[in-house]
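This report refers to the structure that appears directly beneath it.
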Amino acid sequence: MAQADIDEGLYSRQLYVIDHDAMRRMGKADVLIAGMRGLGVEIAKNVILAGVRSVTIQDDGVVEWRDLSSQFYLKEADLGQNRALCSEKQLSSLNVYVRVSAWTKKLDEDFLSKFQVVVLTNSPLEEQLRVGAFCHSNNIKFIVADTRGLCGQLFCDFGESFEVRDTNGETPVSAMIGHISKDNPGIVTCTDEESHEFTDGMFVNFSGIQGMTELNSYGPIEIKVRDIYSFSICNTSNFSEYVKGGVATEVKQTEILSFKPLNVALDEAIRDPELVEMTDYGKIQRNLSLHLAFQALHRFTQKYSRVPHPRSQADAEVLVTITKELCTDAKFDELDEDAVRQLSLVASGDLAPVNAFIGGLAAQEVVKACSGKFTPLRQWLYFDALECLPQENDEVLSEDACAPRDSRYDGQIAVFGSAFQDKLKKQSYFLVGAGAIGCELLKNFALIGLGAGEGGNITVTDMDSIERSNLNRQFLFHSKDIGRLKSEVAAESVKEMNPYMNITAHQNRVCPETEEVYTHSFYSNLDGVAAALDNVDARVYLDQCCVRNKKSMLEGGTLGSKGHTLVVVPHLTESYGPSTSGGQKAIPICTLKNFPHRIEHTLQWARDQFEGLFKQAAENVNNFLSDPTFVDRTVARGDVEAVEILEGVYRSLGEEWPQNWADSVSWARRQWETLYNNPIKQLLHCFPPDQVTSSGLPFWMGAKRCPHPLTFDSNNTTHMDFIVAAGNLYGQIYGITGSRNRADIQSILQGVKVPEFTLKSSVKIAVTDQELKEENEERKEEDKVKLEILKEKLSKLKLKDQSFRMQPQEFEKDDDSNFHMDYIVAASNLRAENYDIPTADRHKSKLIAGRIIPAIATTTAAIAGLMCLELYKLVQGHQKITSYRNAYINLATQYFVLSQPCVAPTFTVSDEATHLSPSNIVFISLLSGSGSLQDLVKLFSTSGA
């Protein structure tokens with residue numbers, strides 16, 4: 001598949017998680033997913049959205065009442081019909097690029113041999129062993145996924161030799177070089193601008209080194225970290241002397257992994273606990289007990305032709321006995337009998353949140369199997385949320401309370417009982433955000449029946465409209481919905497899943513300006529709030545509303561393969577809290593203006609140019625023409641800023657006002673000179689290439705890259721890219737129709753006269769932001785004079801057409817026809833060429849300049865599942881903090897931290913002191929450093945979109 005064949009408009013957010021090469025490999029994969037109950041359809045949905053070549057769904061069973069508790073594409077009218085056939089049409093509509101077909105017969109070897117990946121869900125152990133053996137011997141990737149009530153199981157076997165091309169999916173790290181010694185080993189010292197992020201055993205390539213040029217073509221070199229500013233490499237004693245410059249960039253290394261077949265891994269998991277991945281470090285022994293208990297469940301089912309009855313104590317004791325027999329065979333003497341009993345009591349249940357979590361993980365393993373991207377599960381994973389069950393002082397559930405009722409909620413009633421179902425139906429919840437996580441939450445709300453009864457209601461608000469790029473992960477939306485409001489379409493979609501849902505759609509931002517809508521009275525009628533937002537500030541505000549109104553809040557977000565959840569319980573857990581400084585560091589102004597050294601700097605510079613030239617300048621003109629107080633208000637902002645703004649207004653309405661398309665092209669050509677030639681010449685005049693500092697060191701070293709001016713060439717593609725984009729954008733703000741015809745544009749360029757540039761010895765260029773500040777202070781008197789002249793000139797401006805207004809351009813990264821990204825890419829790459837910085841293609845430029853949050857459906861589904869497990873606890877009114885869980889997960893590397901939330905701060909007020917009690921937190925993290933999960937959440941600034 002060629003890159004052009006990948007629909008970047010549809011897959012734009014996912015392509016920042018799974019690169020183009022990995023997507024091409026996925027586009028060649030045929031996947032079989034067996035079993036179309038809740039877990040199977042969840043996996044199928046996520047895999048289809050991800051974009052494999054084909055998905056075949058298999059099920060030879062018919063729809064039962066309990067299926068409706070977690071299978072979102074089945075309806076009451078489907079009872080008695082084949083599950084796969086009933087699901088085929090809806091699944092097919094998720095992605096036009098994926099062939100979806102249904103198979104209703106048994107799985108034989110001829111059929112299995114057609115697929116590269118086979119997934120079994122809710123299947124008997126005998127079938128797992130038979131299919132697993134065939135797949136292992138035929139190099140077919142094999143995955144087993146199973147959920148039983150509040151417990152889940154996942155197994156992967158990718159064969160004897162599986163190549164992982166990128167173990168973590170992270171952007172390769174790089175560092176600028178300050179010095180390299182001639183030694184064995186050579187010591188590389190990075191510039192003191194910032195510490196490097198390399199780790200022992202990484203391989204790096206070198207580029208741009210002057211002097212010790214042998215390293216530029218040496219190839220990947222393994223490094224050993226010495227400290228945060230230096231690392232050692234190969235023997236450099238026979239190389240040339242290092243002069244200056246250079247960048248070290250990580251080179252991703254492939255890994256070959258070997259997997260054990262199911263029959264072997266089944267037995268060895270107890271002897272080799274490393275085969276069992278941890279999801280909750282507080283339940284290490286429970287995971288091994290569940291490994292045996294799931295096997296015992298298969299024996300129970302084989303013997304009695306059924307699963308244990310809901311809440312049957314007799315069946316639970318039988319299951320414990322079977323599990324003990326397995327313990328004896330496995331020589332395992334640390335069985336958690338209570339966990340086995342609890343598994344038996346809930347095993348007949350079928351819960352949407354558990355299926356969402358395990359289904360998200362399983363689908364991510366399918367993506368890994370098809371693409372070779374990320375580290376696969378090796379090889380078992382167990383998950384349980386048994387802490388969701390009623391607490392000790394609650395009424396004990398009986399068999400009658402959990403017995404099936406021919407209800408769409410039977411799979412949930414089997415776990416929590418009918419009284420809890422009635423309570424769920426009466427809940428009133430406020431969901432803020434109907435993006436990716438919002439869609440997944442609404443799906444789960446519909447399946448569990450939240451607000452689906454008398455007195456219950458879901459209010460969902462989202463002010464955004466549906467765009468094409470949303471369809472890859474916001475599965476409630478389809479192509480026909482593009483342009484419609486997200487909240488309205490989402491509400492309609494979940495009503496189709498569960499016609500009993502009471503749901504109200506709003507299109508408001510939740511902020512101080514809408515407090516007349518979302519009043520104290522509004523919040524007082526709520527049982528809780530769920531946040532599916534895409535920025536920290538919005539989360540902080542909503543959290544404040546919840547604290548003020550004493551309402552619980554469920555919060556979650558994703559960033560590619562990473563995700564987090566947070567539960568806030570009034571008077572029990574910490575709230576989300578104020579925003580912390582975990583975001584991106586601001587780039588110093590002088591770095592952007594004169595001393596860029598990374599592509600991020602040139603992209604930010606290009607974005608600033610776009611905003612200044614095509615948005616702010618036009619807005620300033622319109623304000624000047626519409627508001628008689630504009631000049632006075634601008635002067636009040638300070639002389640330096642006022643001069644810049646008013647000069648721009650005067651130029652825009654005077655000498656730089658284009659009268660036709662040719663004038664716009666002429667402006668773009670002159671602009672090219674003022675950006676990539678003239679200022680670089682002036683900079684080098686002030687600081688020549690051989691300039692030295694007062695310390696005798698070269699001025700142009702380390703993070704300061706010595707630039708060179710560019711000479712315009714109409715035959716250079718990037719040069720013309722800039723002219724075409726800049727000319728069209730400049731024309732647009734004046735209402736002039738442009739053109740993409742490069743031959744015509746080149747013809748116009750031949751007649752453009754570019755003013756001669758004269759170097760100025762009086763110009764002073766600030767090297768630091770502090771110098772820039774001092775320079776502005778020194779210019780105060782000069783600026784005052786300029787300001788008076790400008791005010792007089794502007795007062796005399798007379799327009800022929802008093803109704804004229806400019807058309808500011810609001811940056812939109814996802815419209816490839818509007819020239820916005822065309823300008824950003826060309827402007828940034830020309831700037832990078834000035835400074836010998838490696839350029840960035842459109843895809844990478846869009847990520848950085850557009851501040852895109854990478855996203856994939858698998859993580860979104862898993863996070864929404866975890867959030868709804870906390871919802872179970874909130875609705876029951878759990879008051880023990882030990883039952884709640886915050887989570888941070890990374891599906892790329894099988895990293896899971898499920899931790900107890902921080903306890904709510906308590907204050908002791910007395911004559912002596914005001915005391916804040918220490919946080920009581922159970923937090924186990926493999927990350928370095930300290931702090932709560934809330935700090936991690938804000939650090940990653942994950943998105944609900």
Please confirm whether the backbone N or O of M36 pairs with a side-chain atom of D59, one donor and one acceptor, at under 3.5 Å?
-> yes
Answer yes or no: is there a donor N or O on one side and an acceptor on the other, between the side chain of S428 and the main chain of G456, under 3.5 Å?
-> no
I358 and A145: which non-hydrogen atoms are nearest, and at how many Å?
-> CG2-CB, 4.4 Å
Under 4.5 Å between any side-chain heavy atoms of I503 and K495, yes or no?
-> yes
Are F294 and Y382 near enough that their ring centres are under 6.0 Å apart?
-> yes
Any ion pair linking D67 and R83 (charged N to carboxylate O, less than 4.0 Å)?
-> yes
Criterion side chain to side chain contact (heavy atoms under 4.5 Å, CB included) on Q364 and L361, from CA distance to verdict | CA-CA 5 Å; Q364 187 71 39; L361 270 60; 5.7 Å; no
What distance do S101 atom OG and Q58 atom CD have between them, rounded to the nearest 0.5 Å?
-> 11.5 Å
Okay, side chain of Q14, backbone of L10: is any donor-acceptor separation there less than 3.5 Å?
-> no
Main-chain N/O of C370 paired to Q116 side chain as donor or acceptor, under 3.5 Å = no
Determine whether L397 and L345 make a side-chain contact, defined as any pair of heavy atoms from C-beta on separated by less than 4.5 Å.
-> no
Do H136 and F142 come within less than 4.5 Å of each other through their side chains, counting heavy atoms only?
-> no
Between the CD atom in E76 and the OH atom in Y500, the distance rounded to the nearest 0.5 Å is 4.0 Å
Heavy-atom donor-acceptor pair, E488 side chain to A505 backbone, under 3.5 Å = no
Would you please test R37 and R66 for side chain to side chain contact (heavy atoms under 4.5 Å, CB included) and show each step?
-> CA-CA 9 Å; R37 287 198 159 104; R66 75 184 190 103; 3.5 Å; yes
Non-hydrogen atoms of A531 and M553 that approach each other most closely = CB-SD, 4.4 Å
Are side-chain N/O atoms of N82 and T104 paired as donor and acceptor at under 3.5 Å?
-> no
Side chains of S469 and S12: closer than 4.5 Å at any heavy-atom pair?
-> yes
May I ask you to test the I18-V367 pair for a side-chain heavy-atom distance under 4.5 Å?
-> yes
Please round to the nearest 0.5 Å and tell me the distance separating atom SG of C402 and atom CZ of F420.
-> 11.5 Å
Between the side chains of T565 and E870, does any donor sit under 3.5 Å from an acceptor?
-> no
Are any side-chain N or O atoms of K873 and backbone N or O atoms of S883, one a donor and one an acceptor, separated by less than 3.5 Å?
-> yes
To the nearest 0.5 Å, how far apart are CG in N444 and CE in M867?
-> 10.0 Å
Sidechain-backbone polar pair: D350 side chain, G411 backbone, donor-acceptor under 3.5 Å | no
Taking the six-membered ring for Trp, are Y97 and Y11 parallel (under 30°), tilted (30 to 60°) or perpendicular (over 60°)?
-> tilted
For the pair D481 (side chain) and R484 (backbone), establish whether a donor and an acceptor sit closer than 3.5 Å, ignoring hydrogens and angles.
-> no
Indicate yes or no: does K106 engage E127 in a salt bridge with an N to O separation below 4.0 Å.
-> no
Any I466 side-chain heavy atom under 4.5 Å of L471 side chain | yes
Within a radius of less than 6.0 Å around CD of E126, do more than 12 heavy atoms belonging to other residues, nucleotides or ligands occur?
-> yes
Answer with yes or no whether the side chains of E365 and Q894 bring together a donor and an acceptor at under 3.5 Å.
-> yes
Atom OG1 in T323, atom CG in L343: separation rounded to 0.5 Å?
-> 8.0 Å
Closest non-hydrogen atom pair, G449 against N498 = CA-ND2, 4.2 Å
Indicate yes or no for a side-chain donor-acceptor contact from N46 to the backbone of T858 under 3.5 Å, with no hydrogens or angles considered.
-> no
Are any of the side-chain nitrogens in E440 or R473 under 4.0 Å away from the carboxylate oxygens of its partner?
-> no
Looking at CG of L442 and CG of L431, how far apart are the two atoms once the value is rounded to the nearest 0.5 Å?
-> 5.0 Å
Side chain to side chain contact (heavy atoms under 4.5 Å, CB included) between R148 and V307, worked out = CA-CA 10 Å; R148 303 298 180 107; V307 295; 3.8 Å; yes
Enclosure of K75 NZ (heavy-atom neighbours >12, cutoff 6.0 Å) = yes
Whether Q507 side chain and D462 backbone form a donor-acceptor pair below 3.5 Å | no
Are side-chain heavy atoms of V117 and V47 found at a separation under 4.5 Å?
-> no
Could you point out which residue of S348, P308, P310 forms a side-chain contact (heavy atoms from CB on, under 4.5 Å) with D315?
-> P308
Using a 4.5 Å cut-off on heavy atoms from C-beta on, say whether the side chain of L424 contacts that of Y409.
-> no
Taking all heavy atoms of N502 and all of N457, pick out the closest pair and write down the distance.
-> O-OD1, 3.2 Å
cation_pi(K45, F475) dist<6.0 Å, angle<=45 | yes
Look at the rings of H291 and W380 and say which category their plane angle falls in: under 30° parallel, 30 to 60° tilted, over 60° perpendicular.
-> perpendicular
Given F445 and L871, is the side chain to side chain contact (heavy atoms under 4.5 Å, CB included) satisfied, shown in steps?
-> CA-CA 10 Å; F445 290 172; L871 175 63; 3.8 Å; yes
Kindly write out the residues that satisfy side-chain hydrogen bond (donor to acceptor under 3.5 Å, both in side chains) with Q421, not counting sequence neighbours, or none if the list is empty.
-> Q412
Shortest non-hydrogen pair, K443 vs V494, comes out as N-CG1, 4.0 Å
Between A434 and C439, which heavy-atom pair has the shortest distance, and what is it?
-> O-SG, 3.8 Å
